[in-house]
Number of protein chains: 2
Amino acid sequence: MLKLAILGFLRDRPMHGYELRRHLAALTGHIRPLSDGTLYPAIKRLEADGLLVRETEPGSTAAPRHTLHLTPAGVTALLERLRTPEQLDISDENRWFTVLAFLRHLDDPAGQAAVLRRRLAFLEEPASFFYDEAGPLDAERITDPFRSGILLIARATSRAELAWLHDTIAALDASDGQDVTATSG
Amino acid sequence: MLKLAILGFLRDRPMHGYELRRHLAALTGHIRPLSDGTLYPAIKRLEADGLLVRETEPGSTAAPRHTLHLTPAGVTALLERLRTPEQLDISDENRWFTVLAFLRHLDDPAGQAAVLRRRLAFLEEPASFFYDEAGPLDAERITDPFRSGILLIARATSRAELAWLHDTIAALDASDGQDVTATSG
DNA sequence: CCGCTATACCTCGATGCCGAGGTATCGTCT
DNA sequence: AGACGATACCTCGGCATCGAGGTATAGCGG
């Protein structure tokens, strides 16, 4: 997750750790704040994997700034992750939003549509939060106001996202067809 | 999180680990599947903390079943957790839904309303996912269709939840007033 | 020039989760 | 009788994260 977000931000432009931290805070920080005890080891792991390099700028500001650049391997890893996200990236809303935030980097309408279709399939499979001895509880059988609130909110989110997914997939399919004829004609 | 869910389910009725596992799978399993390598150590931690006890049923079915019961300390811990959730339980939707799923156990309309008000305050404070050099990006300035999708979905969720929160808080406030006059009169 | 804050980076112990593995029993199908 | 899957529980290594701590520089107010 963190890995995806770091690669995604660095794909836009090289930046140093502290700036990365600010961007990450803006993206998911209100949901789940990120400590730099998490960020810097993550950067080190990516560096050890050869996905990014640091270039030390001399006396720019304060401490020795390491400007972080993606390597070609880093770009490949990002695109691979975006093209074939793991199931948790599809099902968990926080992770899914991170995928969406950088899906534009996957510069391929068909590939983007394929990822959206995976989310679509996940949202369309029936899921129930609660059940008792008699089986799954549908909305009508739930008397607890808090639990019916969960269902209400989940359903509103689902409706909005399904509509958006259908629209966006249609647009991507259309633009893909256009591009193919444009480049081939 | 897991801790809260275990305590919450056991508050309904004692059950053994495997049954707990099924309930947990129904509650959050479609989002994030739970391995029993996570569940059983969590049960052990709760037992070590004195929040639950196991009672071994003799030759009921297969392996030695341990039926899990909340202790008075476990009930207290559950109520305390529900009454004063940490900020992450408020901000993270997955955690928040877990709080909601068991908030009914906090048998106190005023306390329940107070928790809902914390979520309300969180949702009402302005948050932006993205920003550039010129500051936070509002919806109009975002051209990336995937990022505008995030905002669209987040806003739909937020609208639905805010409406539900207002309604439910009003209902709780009303029932609280009624209860007070009923018990005092 | 001292203290304070912001910038910028790092380490380390504790914790919690995951996945892969293992054990054992019971019921059912063949 | 043997194979198999479901039930039921457990252990352990590995890893990501958190939080608390530390280091160092630059700039600003008093």
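For the numbers below, each heavy atom of this structure counts, side chains included, while hydrogens, waters and symmetry mates do not. In what follows, every chain begins at residue 1, and chains take the letters A, B, ... in the order their sequences are listed.
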### Query
Which residues pass the ring pair (Phe, Tyr, Trp, His ring centres under 6.0 Å) test with A/Phe146, sequence neighbours left out?
none
### Message
Rounded to whole Å, please give me the gap between CD in A/Glu86 and P in D/dA16.
### Response
12 Å
### Task
Write down the distance between CG (B/Leu24) and P (C/dC18), rounded to a whole number of angstrom.
11 Å
### Task
Using whole Å, report how far NE2 of A/His23 lies from P of C/dT7.
14 Å
### Task
Whole angstrom is fine here: how far is it from CZ in A/Arg54 over to P in C/dC9?
8 Å
### Task
Determine the interplanar angle of the A/His23 and A/Phe9 rings, folded into 0 to 90°, and report it as parallel if under 30°, tilted if 30 to 60°, perpendicular if over 60°.
tilted
### Query
Just how far, in rounded Å, is C1' of D/dT17 from CD1 of A/Ile6?
13 Å
### Query
Rounded to the nearest 0.5 Å, how far does CD1 of B/Ile153 lie from OG of B/Ser158?
13.0 Å
### Summary
A/Met1 atom CE is separated from C/dC17 atom P, nearest whole Å, by 18 Å
### Interatomic distance where NE2 belongs to B/His16 and P belongs to C/dT25 [whole Å]
18 Å
### Message
Using a strict threshold of under 4.0 Å (side-chain N to carboxylate O), is an ion pair present between A/Arg118 and A/Asp89?
### Response
no
#### Entry: Under the side chain to side chain contact (heavy atoms under 4.5 Å, CB included) test, residues paired with A/Leu152 that sit two or more places apart
B/Trp164
#### Entry: Interatomic distance, B/Ile31 CD1 vs C/dC18 P [rounded to whole Å]
14 Å
### Message
With the threshold set at under 4.0 Å for non-hydrogen atoms, list the residues of residues 34-52 of chain A touching DNA chain C in residue-number order.
### Response
A/Asp36, A/Gly37, A/Tyr40, A/Lys44
### Query
CG/A/Leu2 to CG/A/Leu7 distance, rounded to the nearest 0.5 angstrom?
9.5 Å
